[in-house]
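To find a chain, count down the sequence lines: A is the first, B the second, and so on, and within it residues start at 1. Values in this document were obtained by computation on a predicted structure and should not be read as measured data.
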Amino acid sequence: MQEQYDFRTIESKWQKRWEENREFAVAENRNQPKYYVLEMLPYPSGALHLGHVRNYSLGDSIARFRSMQGFNVLHPIGWDAFGLPAENAAIRHQVPPKTWTLKNIEQMKQQCRRMGWSYDWHRELATCTPEYYRWNQWFFLRMYEKGLAYRSRGSVNWCEECQTVLANEQVVNGLCWRCPSPVVQKEQEQWNFRITDYAEQLLQDLDQLEDWPERVITMQRNWIGKSVGARVRFRLGGPSGEGIDIFTTRLDTICGATFMVLAPEHPMVKAWLGDDSDGRRLKALLEQVRRQDRSHRTADDAEKLGAFTGRYAWNPFRGEMIPIWVANFVLMDYGTGAIMAVPAHDQRDFEFARKYGLPVRTVIEPVEGTPSAPPDQAFVDPGRLVDSGLFSGLTSGEAKRKMAEYAARKGFGEATVSYRLRDWGVSRQRYWGTPIPIVYCSRCGTVPVPEDQLPVVLPRMEGSDLGRSPLAQVPDFVRTICPCCGGPARRETDTMDTFVDSSWYFYRYTDARNSEEAIRRDAVRYWFPVDIYIGGVEHAILHLIYMRFFTKVMRDLGIVELDEPVRTLFTQGMVIKDGAKMSKSLGNVVAPDEIVQKYGADTLRLFIQFCAPPARDLDWNDRGLEGCWRFLGRLWRLLYRYRSDWPGDGMPVAGEASAESSPRARILQRKLHQTIRKVTSDLERLHQNTAVAAIMELLNSVQEYVDHGQPDRELLHETLTKIALLLAPFAPHFAEEMYSILGHRHGIASASWPRHDPDLAREETVEFAVQVNGRVRSRIQAPADVASDKMEELALADERIRGHIEGRNVLKVIVIPKRLVNVVAR
RNA sequence: GCCCGGAUGGCGGAAUUGGCAGACGCACAGGACUUAAAAUCCUGAGGAGGUUCACCUCCGUGUGGGUUCGAAUCCCACUCCGGGCACCA
């Protein structure tokens with residue numbers, strides 16, 4: 001063996017060998033328990049960053065650990081390869097997005113290989129290939145058949161920078177989630193997925209996600225935003241006029257409604273924009289509201305703006321006419337876009353009423369205590385009804401139920417629920433995405449592309465042709481034949497949101513090359529659910545809700561048999577630098593390539609897992625790298641120093657050492673078995689940082705052992721062999737080389753995870769602390785099986801303790817077996 | 001405003017169930033090796049004080065209180081940092 005630790009030679013040697021041996025290629029094997037390790041697939045930007053390194057190194061340590069434990073581990077990788085950056089880069093550099101993307105994938109793949117991650121490359125997929133996206137189209141058609149994909153015209157979120165529509169989930173604080181520039185509202189026709197049909201299930205099944213972080217669950221719950229209430233029809237002009245539905249969660253307050261408010265976008269409002277004074281007033285308001293973007297309009301401190309419509313509506317509960325207003329604080333896309341306003345019991349209504357001088361009528365009083373005389377804010381708590389006709393005297397809870405029944409009986413309302421979740425707008429007016437497989441025919445209307453004509457292939461386009469709705473500029477693409485009547489027709493030119501691609505890719509991995517069907521049910525049955533899914537928390541309500549939705553749709557289509565696809569979700573902390581997210585604009589980007597060049601992949605992998613617990617943000621500081629580099633160097637020098645002791649070719653590998661020989665040997669052997677126990681349990685609970693620390697401690701113990709006399713060769717060999725095994729999930733190349741130097745002839749990747757022997761791990765003596773009144777005053781050595789009363793006896797006999805309790809009364813002695821004695825003395 | 005997370009040496013962090021705070025690593029200091037440096041190896045270290053040091057005392061896990069024989073850990077109030085939600089009727 002070489003005297004120097006030459007990571008370059010070692011790492012490329014093993015990477016090549018793993019590849020030649022198809023080391024990480026797996027197949028379904030019903031006789032072996034499976035384990036599916038999934039990491040969120042990367043966008044192929046062209047350069048691996050430290051966030052990727054952290055994410056994928058964690059996943060890899062889990063995959064290798066579980067595989068050595070005997071699981072059949074599926075550990076795949078792919079590329080989230082559609083999307084705007086490719087298009088923007090193409091425009092900038094005048095290359096087709098496809099060329100740019102494929103080149104990036106190639107580059108990143110090389111970087112992944114250099115990191116030594118144990119992917120089954122035979123299952124690699126890129127979402128931009130027709131072999132993949134044809135199945136997006138296929139899902140789209142299945143959903144279209146079921147009425148889950150539909151086209152609508154309405155106000156949509158539009159990003160001017162990206163020149164495309166965004167789904168609600170993709171608007172973050174009024175800004176585009178990607179660029180981020182302001183999002184404006186725009187009338188547009190677009191395709192949607194009916195995710196709202198699944199709102200209740202998406203909410204209910206959150207309870208099944210026992211091993212998901214609480215905050216992700218909470219974010220999803222808030223996003224779905226279920227509220228239980230009632231719908232009530234108010235009629236224009238009187239008891240028999242045209243109906244306007246309102247939604248309320250406080251039906252009990254309905255007799256306190258003193259006016260109604262419609263959203264500016266409410267369809268009823270359009271009819272009232274005439275040339276009379278009412279119409280002019282409304283037009284002026286609409287103009288004012290239009291100038292506010294949505295985030296501004298919904299900000300907490302935004303001023304309430306409204307205008308009277310000149311119309312009145314009939315409150316069926318009270319039998320009276322109330323004025324109808326239009327105001328910015330009512331949103332068209334929640335509830336029915338119209339509310340009853342109860343200023344006495346709703347803070348927003350109260351503020352609005354005060355601003356415009358509208359009446360306030362109290363209908364709820366506190367169950368106990370007296371109502372505050374001149375209210376300067378709304379009383380929003382539940383209470384007892386007053387001035388509410390038949391319902392006066394009831395509590396809020398009773399009243400809600402009885403009033404809903406009453407409304408249903410009388411036919412002007414019913415109990416209902418409302419969700420904040422909106423349907424998923426999937427049309428994108430861009431080129432680099434999956435073409436939506438729909439054809440428009442002047443005779444037959446909207447016609448789905450027949451399945452046997454899939455995929456609808458994206459035509460090749462140059463960077464210079466891209467821009468606004470690019471596909472509409474390609475006549476050969478647009479012009480087509482109607483699958484129904486054979487007449488001339490035109491294709492849909494929108495492409496799909498790239499979140500469609502990532503909503504089901506992890507199913508595709510189970511049979512990635514299947515050209516007959518999107519997903520083979522048997523394969524999913526074997527590999528699913530995903531045992532652990534690792535990624536950043538930034539997808540808590542984007543990808544992670546779309547993915548759950550797709551699973552439920554696929555289940556209802558009979559494709560899979562699960563409610564939820566992922567058992568454990570692990571949200572990884574971000575890698576930051578100097579307290580800020582790494583970004584080109586801040587100039588604080590650290591390139592993994594340079595670190596790999598200088599120290600090798602193993603050192604980087606070891607360090608990034610060692611320096612912080614995986615869930616926490618990691619403030620990168622490369623000084624600490626030296627520590628891991630030195631650790632591997634020390635281990636190498638130890639191997640080299642005793643190189644003549646390792647069994648060579650044809651010689652038998654030493655068996656288990658019998659450490660009868662010396663107390664020092666027993667100490668080392670005990671430490672070894674304790675370390676195996678600790679590393680195993682740390683990996684099971686994802687504490688990679690302390691697992692690495694434990695291996696470092698073990699090496700320190702070995703070093704101490706060999707520095708104080710002639711080592712037992714068998715014990716040394718056994719210990720180093722197990723260090724190699726423990727190290728394999730973190731520094732796999734080093735571990736392989738070490739294992740082979742120690743004379744093992746099969747690879748370490750397929751070796752078995754070591755087991756600890758509880759008898760050998762057991763301490764022979766314990767040192768327990770003795771406290772007087774909670775302060776440690778002495779430490780005592782005792783046999784490991786020391787009894788509690790013996791501990792007490794030893795403690796009270798201890799000289800230092802005697803000094804401390806002299807002249808006091810011992811009131812109590814608390815003994816924690818094998819750990820501590822506390823003498824309470826006053 | 002509401003909800004969630006976090007705060008531990010000079011730094012990253014450890015402490016699995018309320019039981020010896022500071023594992024492991026970095027940086028630092030001293031020493032060995034060397035012509036010298038790098039690399040490597042050894043040793044030291046939370047802070048303050050006393051004894052003249054290898055023993056002892058006090059303080060110490062963001063702040064202030066509390067529960068307990070005992071609190072980094074549990075409870076209450078607060079400060080700061082990070083994240084999410086925020087006119088949702």
Side-chain angles (χ1 to χ4, degrees), chain A residues 4 172-173 213-216 218-219 221-223 225-227 229 246-250 253 261 263 295 297-304 327-331 333-342 346-349 351-352 418-421 537-538 540-541 573-574 576 579 606-607 610-613 615-628 630-631 633-634 637 678 681-682 685 687 689-697 699-700 703 707 767-779 800 803 811-826:
Chain A
Q4 299 301 318
V172 181
N173 291 328
E214 196 50 47
R215 62 178 172 146
V216 172
T218 306
M219 283 163 75
R221 183 169 286 130
N222 291 341
W223 187 259
K226 178 179 183 177
S227 32
I246 60 104
F247 174 75
T248 179
T249 55
R250 290 299 304 274
T253 66
V261 188
S295 66
R297 183 170 151 192
T298 56
D300 206 14
D301 50 358
E303 202 192 349
K304 292 183 172 37
N328 61 344
F329 73 94
V330 176
L331 308 172
D333 59 8
Y334 184 77
T336 60
I339 62 161
M340 64 173 193
V342 184
D346 181 286
Q347 191 56 28
R348 295 154 301 180
D349 299 348
E351 284 162 23
F352 190 79
S418 186
Y419 299 90
R420 208 185 77 119
L421 183 72
V537 74
E538 64 273 16
I541 46 176
M574 278 191 312
I576 57 180
L606 203 56
F607 177 62
F610 168 70
C611 65
R616 210 187 296 188
D617 283 350
L618 187 162
D619 200 339
W620 180 261
N621 182 343
D622 37 41
R623 273 197 316 228
L625 266 171
E626 293 279 349
C628 290
R630 284 200 281 256
F631 165 72
R634 271 204 305 279
R637 280 187 294 277
K678 176 155 178 61
S681 70
D682 279 353
R685 60 193 185 119
H687 285 211
N689 56 328
T690 51
V692 175
I695 303 170
M696 289 175 168
E697 273 187 67
L699 175 62
N700 291 346
Q703 213 118 39
D707 284 349
E767 187 189 67
F768 63 92
V770 184
Q771 300 180 328
V772 176
N773 295 330
R775 288 171 181 274
V776 178
R777 298 301 184 182
S778 185
R779 292 169 217 278
R800 271 180 293 228
L811 302 177
K812 209 198 288 191
V813 179
I814 286 139
V815 181
I816 305 299
K818 298 174 183 52
R819 306 193 71 151
L820 172 140
V821 174
N822 189 12
V823 180
V824 185
R826 290 279 177 263

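Checked by atom type and distance alone, the side chain of Asp622(A) never pairs as donor or acceptor with a backbone atom of Leu625(A) at under 3.5 Å. The main-chain N or O of Ile814(A) is never found under 3.5 Å from a side-chain atom of Asn822(A) such that the two would form a donor-acceptor pair. Between the side chain of Asp617(A) and the main chain of Gly573(A), no donor-acceptor pair closer than 3.5 Å is present.
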> How does protein reach along nucleotides 7-14 of chain B, written 5' to 3' as B (base within reach of a heavy atom under 4.0 Å), S (only sugar-phosphate), or - (no contact)?
Replying inline: -----BSS
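When each of Val824(A), Leu811(A), Val823(A) is checked for a side-chain contact (heavy atoms from CB on, under 4.5 Å) with Asn773(A), only Val824(A) meets the rule.
The heavy-atom pair separating Gly225(A) from Tyr334(A) by the smallest distance is O-OH, 4.4 Å.
Regarding the sugar-base torsion, rG12(B) falls in the anti class, its angle being beyond 90° of 0.
When rounded to the nearest whole Å, the span between OH of Tyr419(A) and C1' of rC85(B) equals 20 Å. Between the C1' atom of rC4(B) and the CD atom of Glu538(A) lies a distance of 17 Å, rounded to the nearest Å. Put simply, CG on Leu811(A) is 12 Å from P on rG70(B), counting in whole angstrom units. Look at CD1 on Ile814(A): it is 16 Å from P on rG18(B), rounded to the nearest Å. Computed from coordinates, the Phe247(A) CZ to rC87(B) P distance equals 17 Å when rounded to whole Å. Taking atom CG of Asp346(A) as the reference point, atom C1' of rC87(B) lies 9 Å away to the nearest angstrom. If you take CD1 of Ile576(A) and P of rC81(B), they are 15 Å apart, rounded to a whole angstrom.
Between Lys818(A) and Thr336(A), the residue anchored closer to the 5' end of RNA chain B is Lys818(A), taking for each the nucleotide with the nearest heavy atom. Nearest-nucleotide assignment on RNA chain B puts the 5′-proximal partner with Glu626(A), out of Glu626(A) and Gln703(A).
For Thr218(A), no side-chain nitrogen or oxygen approaches OP1 or OP2 of rG84(B) to under 4.0 Å. Remark: Arg630(A) is not in phosphate contact with rA39(B), judged by side-chain N or O atoms under 4.0 Å from OP1 or OP2.
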> How far apart are the C-alpha atoms of Thr248(A) and Met340(A), what are their side-chain angles, what is the distance that settles it, and do they pass the side chain to side chain contact (heavy atoms under 4.5 Å, CB included) test?
Replying inline: CA-CA 8 Å; Thr248(A) 179; Met340(A) 64 173 193; 3.5 Å; yes
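In this structure, Lys304(A) is not positioned above the aromatic face of Phe352(A) in the sense of NZ or CZ being under 6.0 Å from the six-membered ring centre and within 45° of the axis.
Aromatic rings of Trp223(A) and Tyr419(A) (six-membered ring for Trp) have centroids beyond the 6.0 Å cut-off, not under it.
Of all nucleotides present, none satisfies the Watson-Crick or G-U wobble test against rA54(B) with each distance under 3.5 Å. Using N1 to N3 plus N6-O4 or O6-N4 for Watson-Crick, or N1-O2 and O6-N3 for G-U wobble, each under 3.5 Å, rU68(B) pairs with nothing. Base pairing annotation: rU63(B) forms a Watson-Crick or G-U wobble pair with rA77(B), both donor-acceptor distances under 3.5 Å.
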Show each protein N/O and nucleotides 58-62 of chain B N/O combination with a separation under 3.5 Å, one pair to a line.
| residue | atom | partner | partner atom | Å |
| --- | --- | --- | --- | --- |
| rC58(B) | OP1 | Arg777(A) | NH2 | 3.4 |
| rC58(B) | OP2 | Arg777(A) | NH1 | 3.1 |
| rC59(B) | OP2 | Arg775(A) | NH1 | 3.0 |
| rC59(B) | OP2 | Arg775(A) | NH2 | 2.8 |

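Atom CZ of Arg634(A) is surrounded by more than 12 heavy atoms from other residues, nucleotides or ligands within 6.0 Å.
Within 4.0 Å of Gln771(A), counting heavy atoms only, lies at least one base atom of the nucleic acid. Using a 4.0 Å heavy-atom criterion, one finds that Asn822(A) contacts the bases of the nucleic acid, with or without backbone contacts as well. Residue-level contact check: Glu767(A) touches the bases, meaning some heavy atom is under 4.0 Å from a base atom. Nucleic acid contact for Arg800(A): sugar-phosphate only, since backbone atoms but no base atoms lie under 4.0 Å from a heavy atom of the residue.
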